[in-house]
**Q** 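The structure's right below; bear with me while I get my questions together.
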Amino acid sequence: MPARVVVAVGTKKGLFVFAGNSSARRLELRGPFFPGMPLNTTLIDRRSKTPKVIAVPSSPWFGTTIQVSKDLGKKFKPTKSAPAFAADDGRTLKNVWSLAPGGGTSEFLCGVEPAALFRSGDGGDTWEKVPGITDHAHARQWNPGNGGLCLHTILRHGGALHLGISTGGHYASRDGAKTFAPENAGIGAAFQPNKYPEFGQCVHKIAAHPDHPERLYMQNHGGFPEDPTLGVLRSDDGGKSWKTIAKGLPSDFGFPIVVHPHKPETVYVVPLEAATRTCPGGRPAVWRSENAGDKWQKLTDGLPKKDAWFTVLRDGLDIDDGRRPSIWFGTTTGQLWRGRDGGESFECVASALPPIHCVKAAVV
Amino acid sequence: MEATVPEVRVMIPQALRSFCSEPLPLRHAGLSLAAHNVRDLLAELARQHPQVYVRLCDERGDPRPHINVFVNDDHVRARAGLDTPLTSGDMVTILPAVSGG
């Protein structure tokens, strides 16, 4: 049976699901689901025999729900509740920015705005806050970035739980999410008087490969052009310290970063002009390093050669885990692009979707 | 204050009617609830129709930012907010704001 690829695309105006034979030229389009509702995150959960597509629409009017599909995006059913702060907390949930599998088959972790972490142990029906980070002494000192004060990255890696907060920085727990500490050595913040504060960095995304437990990659808020060393970083000690790997990129600014599923040294970014958050010179490219960021290669085959001024947001880039994986990215101008063979050649899968916030792809 | 709890009609957004605990018999029938003021009315909505309530109010019990609550023709913010008193026969209308883009 040929491999099937599923791509969940969260937009400003609902969820679209693409599915089909992974080698086919065209994929079936399903949706929009939750029309009119923005989605900042989706998840394709394959821990159980039946893969689930999980979407988190946040209605501007009626709040947030967690929606689960057990038929690869044909029908969705809401869980019994969504994350929420306690009535006396003082904070109210504005958005959900990240959803990740927890340790058990029914456990989920959910990062929200304002920055906080919630856990569900029953498939998303009930939620409890993770106090180690939600009530951290720093939590009321974090400031919102342009997208809001969001906990956008949840990464279980190397025996630790890594979190990315904008603008809070990188926090890690090494005791099962009981306590969290800022681990930001080497992560810069060009927008603060102290460029290397203890916390408060505008981390954009963190990625890692399970075969290299001590290594993590980060797309941080860049410093281009004044200090183009701040944006793209690597840690070789489990996140305790970070160093630049931005040399060779046209800009160290960008939002997403992903790692190849079969090649731990291969990492992808989409550099953007810092001032406009758009493709440098109007000429979009995905950049790939095959040696953990020491050298970078520009991938442009099939992409517009000029006059393309889009943005790829922090969850707008993904790579599926097929035998020959495709890179997928969505743009704020509503295009979904597929780069076959790890980005060797790109094709436009959809050209007129609403602005794309997030893309998740998997072979099932 | 009335000795008995005032009974009022509550119109909820069309998009939320399917979340009522019991199907509404008619398209525009609305809900029949009893409360002395709007705050109590929302509490009663939470008790009887929790899936409607969580979509209308945030964790603090306040209507979400783009939800408007009217008592008869008046927005509650032009009266006493959630403390706006209710009298029997009042019509409480809950509507999503004109917003988006």
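In what follows, chains carry the letters A, B, and so on, assigned in the order in which the sequence lines appear, proteins first and then strands, with residues in each chain numbered from 1. Since this is a predicted model, take the numbers as computed values, not measurements.
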**Q** Keeping Trp61(A) on the side-chain end and Ile67(B) on the backbone end, is there a donor-acceptor pair under 3.5 Å?
**A**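 Flag not set: sc Trp61(A) to bb Ile67(B) has no pair under 3.5 Å.
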**Q** For chain B, which residues from residues 71-85 of chain A lie under 4.5 Å away (heavy-atom distances)?
**A**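 Near chain B, by residue number: Lys80(A), Ala84(A), Phe85(A).
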**Q** Under the criterion side-chain contact (heavy atoms from CB on, under 4.5 Å), I'd like the reasoning laid out for Leu93(A) against Glu59(B): C-alpha separation, chi angles, the key distance, then a yes or no.
**A** CA-CA 8 Å; Leu93(A) 188 131; Glu59(B) 297 98 315; 3.3 Å; yes
**Q** Check this for me: Gln141(A), atom CD, are more than 12 non-hydrogen atoms of other residues, nucleotides or ligands nearer than 6.0 Å?
**A**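 Yes, because the 6.0 Å sphere around CD of Gln141(A) holds more than 12 heavy atoms from other groups.
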**Q** Using heavy-atom distances under 4.5 Å, tell me whether Thr65(A) contacts chain B through its side chain, its backbone, both, or neither.
**A**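 Side chain only.
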**Q** Would you compute the distance between atom CZ of Arg91(A) and atom CG of Asp58(B) and round it to the nearest 0.5 angstrom?
**A**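 So the CZ of Arg91(A) and the CG of Asp58(B) are separated by 14.0 Å.
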**Q** Donor-acceptor check, side chain of Arg64(B) to backbone of Pro60(A), threshold 3.5 angstrom: yes or no?
**A**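 Side chain of Arg64(B) to backbone of Pro60(A): no pair is present.
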**Q** Check whether more than 12 heavy atoms from other residues, nucleotides or ligands sit under 6.0 Å from atom CZ of Arg77(B), and answer yes or no.
**A**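 Open.
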**Q** Check each atom of Pro65(B) against the heavy atoms of chain A and say whether the ones under 4.5 Å are side chain, backbone, both or neither.
**A**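 Neither the backbone nor the side chain of Pro65(B) comes within 4.5 Å of chain A.
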**Q** Strictly less than 4.5 Å between heavy atoms, which residues of residues 44-55 of chain B line up against chain A? Please order them by number.
**A**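 So far as heavy atoms go, Gln51(B), Val54(B), Arg55(B) are the residues that approach chain A to under 4.5 Å.
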**Q** A quick test of your reading: do over 12 heavy atoms of other residues, nucleotides or ligands sit less than 6.0 Å from NZ of Lys12(A)?
**A**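 No, NZ of Lys12(A) has 12 or fewer neighbouring heavy atoms, counting only those of other groups under 6.0 Å.
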